[in-house]
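Shown next, in structure tokens, is the structure this report addresses.
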Amino acid sequence: PARLGGEDLVLFTHEEGLSALRPDDGSVAWTFLPSGWKTVPMIQPQAVDDDTVLVALGDGVGIARLENTRDGDAWTIEEAWSSTRMRPSFNDFVVHEGHVYGFDQSILTCIELETGARAWRRGRYGFGQLVLLEEADALLIAAESGDLALVSPAPRAQAELGRVELLDGKTWNPPLVVGDRVFARNGET
């Protein structure tokens, strides 16, 4: 679900790109095919605000920033930028204070929301998953190794604040935070 152009929509990806549907009647508000589109991505597109959507371009391909304007029922969708500086596979990315944090394959990466330029790329967590702890101003990362790491979302440099060995075995599941508790799982634990 997303609210774009003052309208509640449902965003989804398919072979022809990204579409926005009206949930009340299922009609298509718009469909857009980004320039770097390769395959249907495994992660959800993200509405950043009323005018902006970030969408993965496929499995390990890159991401694009789309800008939309609405005039009545007419939509105009434009690609603000497309970048291979962050190439997520099945691991989500988050937006925080003008920057996008996610994985360039298996390496934690930060890119600028405005331009798509890479701010930094470091921190090996395998094909981990991350969530934004907005109130704590931190990223919680479930590393592929089963470790749980807390990382500062600083656009200047990556800084790991702490790490704990949590699970044994390959971990591809995102952590879940409820109150002051973290729940983590993998295929074994």
Side-chain angles (χ1 to χ4, degrees), residues 1-2 10-14 18 34 36-48 53-65 82-113 116 118-189:
V10 176
L11 302 177
F12 75 97
T13 57
H14 50 90
L18 175 68
W37 195 260
K38 298 292 183 209
T39 60
V40 178
M42 290 186 263
I43 60 176
Q44 297 295 320
Q46 289 189 33
V48 176
V53 174
L54 291 176
V55 62
L57 300 172
D59 181 10
V61 177
I63 66 173
R65 176 183 169 155
S82 178
S83 176
T84 57
R85 298 292 186 177
M86 181 181 288
R87 298 169 297 145
S89 282
F90 56 87
N91 32 17
D92 282 326
F93 47 83
V94 298
V95 177
H96 182 62
E97 296 182 354
H99 290 81
V100 183
Y101 298 88
F103 289 92
D104 182 19
Q105 290 295 288
S106 63
I107 302 173
L108 185 62
T109 302
C110 172
I111 64 173
E112 296 176 9
L113 177 61
R118 184 182 292 152
W120 51 260
R121 179 180 184 260
R122 56 187 291 189
R124 297 187 180 273
Y125 299 96
F127 286 93
Q129 299 286 339
L130 75 146
V131 295
L132 174 64
L133 304 177
E134 197 165 6
E135 290 180 14
D137 194 33
L139 301 172
L140 183 64
I141 298 174
E144 184 176 24
S145 66
D147 289 359
L148 196 63
L150 196 61
V151 174
S152 172
R156 300 265 187 266
Q158 185 262 3
E160 190 171 294
L161 305 172
R163 181 187 285 244
V164 62
E165 293 179 16
L166 190 63
L167 300 171
D168 289 326
K170 186 183 291 183
T171 302
W172 284 353
N173 303 83
L176 175 66
V177 179
V178 180
D180 62 353
R181 296 177 187 258
V182 175
F183 295 88
R185 67 179 282 275
N186 63 17
E188 300 171 21
T189 306

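Since this is a predicted model, take the numbers as computed values, not measurements.
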Checklist outcome for this item: One should read off an interatomic distance between Lys170 NZ and Asn186 CG, to the nearest 0.5 angstrom, of 10.5 Å
Item to check | Side-chain (Trp37) to main-chain (Leu18) donor-acceptor, under 3.5 angstrom | outcome: no
Item to check | Sub-4.5 Å side-chain heavy-atom contact between Arg65 and Leu54 | outcome: yes
Item to check | Worked verdict on Glu144 versus Thr171 for side-chain contact (heavy atoms from CB on, under 4.5 Å) | outcome: CA-CA 5 Å; Glu144 184 176 24; Thr171 302; 5.9 Å; no
Item to check | Within 6.0 Å of CZ in Arg163, more than 12 heavy atoms from elsewhere | outcome: yes
Item to check | Residue pairs fulfilling side-chain hydrogen bond (donor to acceptor under 3.5 Å, both in side chains) with at least one residue in residues 92-101, sequence neighbours excluded | outcome: His96-Asp137
Checklist entry - Taking C-beta and beyond as the side chain, do Phe183 and Arg185 meet within less than 4.5 Å on heavy atoms? => result no
Checklist entry - What heavy-atom pair brings Pro34 and Ala64 nearest, and what distance separates the two atoms? => result CB-CB, 4.3 Å
Next on the checklist: If you apply the rule side-chain contact (heavy atoms from CB on, under 4.5 Å), what do you find for Leu139 with Leu150, and how did you get there?
Outcome noted: CA-CA 6 Å; Leu139 301 172; Leu150 196 61; over 6 Å; no
Checklist outcome for this item: dist Arg156:CZ -> Cys110:SG (nearest 0.5 Å) comes out at 10.0 Å
Next on the checklist: Can you confirm whether Val48 sits close enough to Val100 that some side-chain heavy atom of one is under 4.5 Å from a side-chain heavy atom of the other?
Outcome noted: no
Checklist entry - Should the ring pair Phe90 and Trp172 be called parallel, tilted or perpendicular, given that the plane angle runs from 0 to 90° and is split at 30 and 60? => result tilted
Item to check | Closest contact, heavy atoms only, Gly62 versus Pro88 | outcome: O-CD, 4.1 Å
Next on the checklist: Just verifying a value: how many Å separate Ile43 CD1 and Gln129 CD, rounded to the nearest 0.5 Å?
Outcome noted: 9.0 Å
Item to check | Partner residues of Arg122 under the salt bridge (charged side-chain N to carboxylate O under 4.0 Å, His left out) criterion, sequence neighbours left out | outcome: none
Checklist entry - Who pairs with Arg85 by salt bridge (charged side-chain N to carboxylate O under 4.0 Å, His left out), at least two apart in sequence or on another chain? => result none
Item to check | Gap between atom CG of Asp147 and atom CG of Leu166 - 0.5 Å precision | outcome: 8.5 Å
Checklist outcome for this item: In this structure, CG of Leu148 is separated from CG of Leu167 (nearest 0.5 Å) by 8.0 Å
Item to check | Any Met42 side-chain heavy atom under 4.5 Å of Asp59 side chain | outcome: yes
Checklist entry - Ser89 and Gln105: which non-hydrogen atoms are nearest, and at how many Å? => result OG-NE2, 3.4 Å
Checklist entry - So, the side chain of Thr189 versus the backbone of Gly187: is there a donor-acceptor pair under 3.5 Å, distance only? => result no
Checklist entry - Can you find a pair of side-chain heavy atoms, one from Val94 and one from Val131, that are under 4.5 Å apart? => result no
Checklist entry - Atom CZ in Phe127, atom CD1 in Ile107: separation rounded to 0.5 Å? => result 9.5 Å
Checklist entry - Any side-chain heavy atom of Ile111 within less than 4.5 Å of one from Ile63? => result yes
Checklist entry - Between Phe93 and Thr109, is any pair of side-chain heavy atoms under 4.5 Å apart? => result no
Item to check | Non-hydrogen atoms of Gly102 and Leu130 that approach each other most closely | outcome: CA-CD2, 3.9 Å
